[in-house]
J.: 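The structure under discussion is supplied below as C-alpha cells; questions concerning it will follow.
For clarity, every value in this text was computed on a predicted model and none was experimentally measured. The chains referred to below are lettered A, B, ... by the order of the sequence lines, with proteins before strands, and numbering in each begins at 1.
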Amino acid sequence: MSRYDASTIEPKWQKAWEDAEVFTATRDPAKPKFYVLEMFPYPSGRIHIGHVRNYTMGDVVARYKKTQGFSVLHPMGWDAFGMPAENAAMATGGHPKTWTYANIEEMKAQMKPMGWSLDWTREFATCDPEYYGQQQALFIDFLAHDLVYRKNAVVNWDPVDMTVLANEQVIDGKGWRSGAEVERRELTQWFFKISDFSEELLDALDDLKDWPEKVRLMQANWIGKSQGLRFAFERTDGGEPIEVYTTRPDTLMGASFVGISADHPLARELAANNPEIAAFCEECRKGGTTEEEIETAEKKGMDTGLTVTHPLDPNWELPVWIANFILMDYGTGAIFACPAHDQRDLDFSRKYGLPVRDTFFSLNDPQPVENEAFVPPKSEKVKWVDHFAGLDEATGEEAIEATIRFAEDHGWGKGHTQYRLRDWGLSRQRYWGCPIPVVHCDACGVVPEKKENLPIELPEDVSFDTPGNPLDRHPTWRDCACPSCGKPAQRETDTMDTFVDSSWYFARFTAPRATTPTVAEDAEYWMNVDQYIGGIEHAILHLLYSRFFARAMHITGHLPEKSKEPFNALFTQGMVTHAIYKTTDKDGRPVYHYPEAVEERDGGTFVKETGEQVEVIPSAKMSKSKNNVVDPLAIIAEYGADTARWFVMSDSPPERDVEWTASGAEGASKHLARVYRLAAEIAEGADTGSDDETLLREMHKTIKAVEDGIEGFAFNTSIAKLYAFTNVIAKTKATNDTRKTAMRVMAQLMSPMTPHLAEEVWSMLGGEGLVAEADWPKVNESLLVEDTVTLPIQVNGKRRDEISVPKDMDKAEIEKLALATDGVQRALDGATPKKVIVVPGRIVNVVA
RNA sequence: GCCCGAGUGGCGGAAUGGUAGACGCAGGGGAUUCAAAAUCCCCCGGUAGCAAUACCGUGUGGGUUCGAGUCCCACCUCGGGCACCA
C-alpha cells in the first residue's frame with residue numbers, strides 16, 4: 001500500500017485542474033454566479049501565514065460554492081503601488097518598478113503551490129499602466145461630475161529633509177530619517193467629496209445585513225453624525241463674530257471661554273500683528289497630523305485678549321483663547337467650553353485659572369464640580385440650575401432639544417447636523433503611485449488631461465538618492481501641452497493615495513482587460529462581490545472608501561445601480577500576530593529583528609549575532625516594517641499545501657486573532673496521512689461486515705455540520721466534525737460498500753479544505769471526474785432525527801444525573817423519571833422539590 | 001485621548017440562556033517491534049478520596065434567571081482603528 005505523499009499528489013492535481021481550466025470564470029447565463037474575493041495583497045515578495053489563512057478561507061468558500069452549482073469568480077491581483085517600493089529603492093538603489101514586479105513573480109510562485117482555485121487569467125497589478133490609466137479615466141469622470149476638488153490641507157513636514165512624511169514615518173513626533181521635529185504644513189491637495197455622501201453611507205449601513213455588526217458600528221462612529229447648534233458669539237471689539245458648533249448647547253450657561261483653532265482665520269489674523277500669538281500658533285502646529293497625536297498631546301492655550309458676549313446675557317463677557325486641541329477640520333474650528341461637564345475643558349480651565357460653573361446636578365447627589373467633570377449619560381435626568389429655556393428636571397437629550405428650539409425661536413442660533421467624516425485627501429507627494437491626470441496651465445488653470453492621452457505613465461528614469469518626490473525633480477516629465485489651449489503647461493506631480501487603487505479593483509476584476517474602466521455586461525453579471533474576506537484592520541478606511549467609490553462609479557456610469565453597495569457579505573478575519581523583537585540604535589531609533597535572528601536564554605531574549613538584549617513586544621500585527629512576519633514556506637515544503645491549509649483552517653476561529661505557532665502542523669499532517677491510509681484500505685477492502693445505519697446517520701450529520709461550519713465561517717468546527725467522522729469510519733463495522741460511500745463523501749467534504757488529497761481519495765474510490773466539479777452531497781434530513789434523547793437532570797442548576805427517554809415523551813412522565821433517579825434522590829436528601837422545570841429535548845431542573 | 005473587539009485546561013479551541021472543556025495538539029501509560037519509526041488502545045481542568053462521589057472552576061467584582069462562558073452594570077488586561085502603512 002502506498003503512503004500519503006503530498007509532493008507527488010499536489011502537483012498532479014494542480015496540473016489536472018489547470019488542464020481542465022476548472023477555475024477560469026466564465027459568464028454562464030444558465031448558472032447563478034458567485035463572486036468570492038479576498039483583499040488583494042501588497043507584493044512584499046513573500047507570502048506570510050496571514051495570506052495563507054486569508055486566501056484559504058476564500059478558497060474554501062469558492063470551492064464549496066462551485067460544487068453547489070455556482071459559476072464562481074475568484075480572482076487575484078496585486079495592490080502594487082505604495083511606499084515600501086520607494087523605501088527599497090532608497091535602501092538598495094534599485095527601481096520601484098523592478099522591485100515590485102520581481103516581488104510579484106516571487107510571491108506568485110509561492111502562491112501557486114497552495115492550490116487555491118484562483119482565476120489567474122484575470123490577474124493584474126495596480127501599477128500596470130493598463131490599470132492605472134483606467135483609474136485616471138475614472139478621476140477625469142469624477143472631476144466632470146464634481147466629485148473631486150482642490151483645497152488646502154495639512155501634511156507632516158520634515159523641515160530637515162524638506163519632504164512630506166507619512167504618519168508611519170513620524171516616530172514620537174520626529175522624522176524617521178532626519179530625527180527632526182515634524183511640523184504640520186499646508187499644501188493644496190485634491191479631495192474626493194466623500195462627505196457629500198455622509199448621510200447615505202450611514203443610512204445604507206442598516207441594509208448590510210451580512211456585514212459584521214462591529215464593522216457597521218465602527219463605520220457609523222467614523223461618519224459620526226451629530227445634532228447640535230450653530231451660533232455666533234458677538235465680539236466686544238465689533239470684529240467678525242465667532243461662529244461655533246456645539247453638540248451640548250444645553251450647557252451654554254456653563255460657558256467659561258471661547259476656544260479657537262490655531263488655524264482659525266481669526267487666529268491667523270491676530271498672529272499677523274502679534275508675534276507672541278504667532279509663536280504660539282507655530283507651537284500648536286508642532287507634531288504630527290494624526291488625531292491620536294493631537295488628542296494625547298498636552299493641552300495648551302493662549303488668551304488672545306479678545307472678548308465676546310454671551311448670547312443670552314449681553315453683560316456677560318467671555319475670553320477668547322487659542323487652544324491646540326481644537327481642530328480646524330471639524331465644525332467651525334471654534335467652540336465654547338463648559339468645564340463643569342467636559343473633562344478636557346475642565347483640565348484646561350483648572351490649568352489656566354478659568355471659571356467653572358455648574359449648569360446641572362445629579363438628582364441624588366448634587367455636588368459642585370471639583371476636578372472631575374460631571375458627565376452623566378444624555379438620557380439621565382438631572383436637576384438644572386436656572387435654565388434659560390425654563391427646565392427644572394430634565395435629561396440632557398430633552399435639554400438639548402429645548403435649547404435648540406429656544407435659540408431658533410429667538411433667532412440667535414440654528415439646529416445643525418454635523419458629520420465627523422472629512423473629505424478624502426488623495427494627493428500624495430510621492431513617485432510610486434498613479435499620477436493625477438491634470439495639467440496646470442498659466443492661462444487655463446487646472447485642466448484635466450484628455451482621455452485619449454491616457455495613461456499618463458510614470459517616467460522610469462528617476463532616482464531616489466535625495467528625499468522628496470522624484471517627479472518634481474524630473475527634467476522633462478512635467479512638461480506637456482495644455483489639453484485646453486495647447487500652450488506649454490506642466491503636469492501635476494502628485495500621485496494618488498493607494499487607497500484609490502484598492503477602491504475599485506473588485507469592479508475591474510469583472511473585465512480586467514477592457515479599454516474602459518468596466519464593461520456594463522460583465523459588471524451586470526458578476527457584480528456584486530458575494531463574499532468579501534479580509535483583515536479587520538480594513539474595517540473603516542478601505543471599506544468606506546470602496547463604498548464611496550462604488551457610488552461615484554455609479555454616478556459616472558461605470559457601475560450599475562445595484563453595485564452602490566459593492567460587497568454583499570463581508571467577513572473580517574482576525575490577524576495573525578507575532579511578537580516583535582526590538583532594540584534601539586545609537587541615535588535612539590528602533591531596530592526590529594526577525595524571529596529567527598533572536599534566541600531565548602537566561603530568562604531574557606537576545607540577538608543571536610550580537611548578544612544584545614532585545615525588548616519583546618508580545619503579539620502585534622504582522623508587519624513588514626516590524627520584521628515580525630512568519631514564513632509559511634517551511635511548513636509547505638515539509639508537509640505540503642494541504643497540511644498547511646488544513647492546519648490554518650483548523651487552528652482557530654477565523655475571526656479571532658491568532659498568535660502564530662507552528663506546533664500542530666505535525667498533527668494535521670498525521671491526520672491527512674490517516675485519511676489516505678483509510679481510503680487506500682477501503683479501496684482494496686473485501687466486503688465483510690454487516691449493514692449498519694449508524695455510519696450513514698453519522699455521514700449525514702457530518703455533511704450538515706460541515707455545511708454549517710463553512711456557511712457560518714466556523715471552518716474550525718467543520719474540521720472538528722471531519723476528525724470525528726474519520727474516527728467513526730475507522731471503527732465502523734459497516735460493509736465495505738457503505739464505507740466506500742462514506743469515504744467518498746468524506747473526500748467531498750474535505751475538498752474545500754484539502755483539495756489535492758480529496759481528489760486523490762476520490763479517484764482511489766472510483767469517484768467520477770474531478771471532486772472539484774462533483775455536486776456537493778445532499779443531506780438526508782430524515783437521518784438526522786434521533787429517536788431517543790439523553791436529558792441531563794439538574795438539582796438547583798447543578799447536574800446530578802441523566803436519563804435516556806424517547807424524544808416525544810410527555811413532560812409529566814419525564815418529571816416522574818427524573819425525580820426517581822439516584823442522583824436526584826441523593827441531592828434532595830429527603831426534601832420535597834418546590835418546582836420541576838422540564839425543557840423537552842433539553843434538560844430537567846429540579847428546584848429544591 | 002476617542003471608537004471597536006477579545007479574554008474558557010499545559011496549548012489551539014467547542015458550547016440556539018440548558019450536561020463547560022466537543023475535536024485537535026502537547027503530555028502520561030500500554031500494545032505491536034530484536035529495537036526503533038510508523039500505527040493502534042487507554043488516561044488527561046483543580047482539590048479531597050481506594051472508589052462512589054463531593055467541592056471549586058470560563059479575566060475580576062456585582063446583578064438578572066429555575067439555570068449564565070452566553071444577558072446587564074462596573075472594572076482589569078490584551079489586540080485593532082484613528083483619515084499619508086497597506
J.: Using a strict threshold of under 4.0 Å (side-chain N to carboxylate O), is an ion pair present between A/E698 and A/K701?
T.: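 Salt bridge present between A/K701 and A/E698.
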
J.: Contacts to RNA chain B from residues 837-848 of chain A, heavy-atom cutoff under 4.0 Å, which residues?
T.: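 Nucleic-acid contacts, sorted: A/I837, A/V839, A/R842, A/I843, A/N845, A/V847.
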
J.: When you compare the protein's N or O atoms with those of nucleotides 3-6 of chain B, which come within less than 3.5 Å of each other, and at what distance?
T.:
unit_1: B/rC3; atom_1: O3'; unit_2: A/N221; atom_2: ND2; d: 2.8
unit_1: B/rC3; atom_1: O2'; unit_2: A/N221; atom_2: ND2; d: 2.8

J.: Taking only side-chain nitrogens and oxygens of A/N716, does any of them come within less than 4.0 Å of OP1 or OP2 of B/rG24?
T.: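 Answer is no, no contact under 4.0 Å.
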
J.: Note every stem involving RNA chain B: at least three consecutive Watson-Crick or G-U wobble pairs, i with j then i+1 with j-1, with both distances under 3.5 Å.
T.: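 So the stems come out as B:1-7 with B:76-82, B:10-12 with B:23-25, B:27-31 with B:39-43, B:45-48 with B:53-56, B:59-63 with B:71-75.
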
J.: Could you go over nucleotides 38-41 of chain B and give all protein N or O partners under 3.5 Å, atom names and distances?
T.:
unit_1: B/rU39; atom_1: O3'; unit_2: A/R677; atom_2: NH2; d: 3.4
unit_1: B/rC40; atom_1: OP1; unit_2: A/R674; atom_2: NE; d: 3.2

J.: So, are A/D423 and A/K193 salt-bridged, with charged N and O less than 4.0 Å apart?
T.: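 Looking at A/D423 and A/K193, the cut-off is not met.
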
J.: Could you please name the option among B/rG13, B/rC23, B/rA15 that lies closest to any side-chain atom of A/T717?
T.: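 Shortest atom-to-atom distance from the side chain points to B/rA15.
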
J.: For A/F81 and A/W432, take the angle between the two ring planes, folded into 0 to 90°, and tell me which bin it lands in: parallel under 30, tilted 30 to 60, perpendicular over 60.
T.: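 Rings of A/F81 and A/W432: perpendicular, as their planes differ by over 60°.
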
J.: Could you list the protein-to-nucleotides 45-53 of chain B atom pairs, N/O on both sides, closer than 3.5 Å?
T.:
none

J.: Distances for protein N/O vs nucleotides 28-30 of chain B N/O pairs under 3.5 angstrom?
T.:
none

J.: Can you list the steps and then say if A/W504 with A/Y131 is a ring pair (Phe, Tyr, Trp, His ring centres under 6.0 Å)?
T.: CA-CA 10 Å; A/W504 72 286; A/Y131 182 80; 4.6 Å; yes

J.: Parallel, tilted or perpendicular for A/H671 and A/Y723, by the 30°/60° rule?
T.: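 Judged by the thresholds at 30° and 60°, the geometry between A/H671 and A/Y723 is tilted.
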
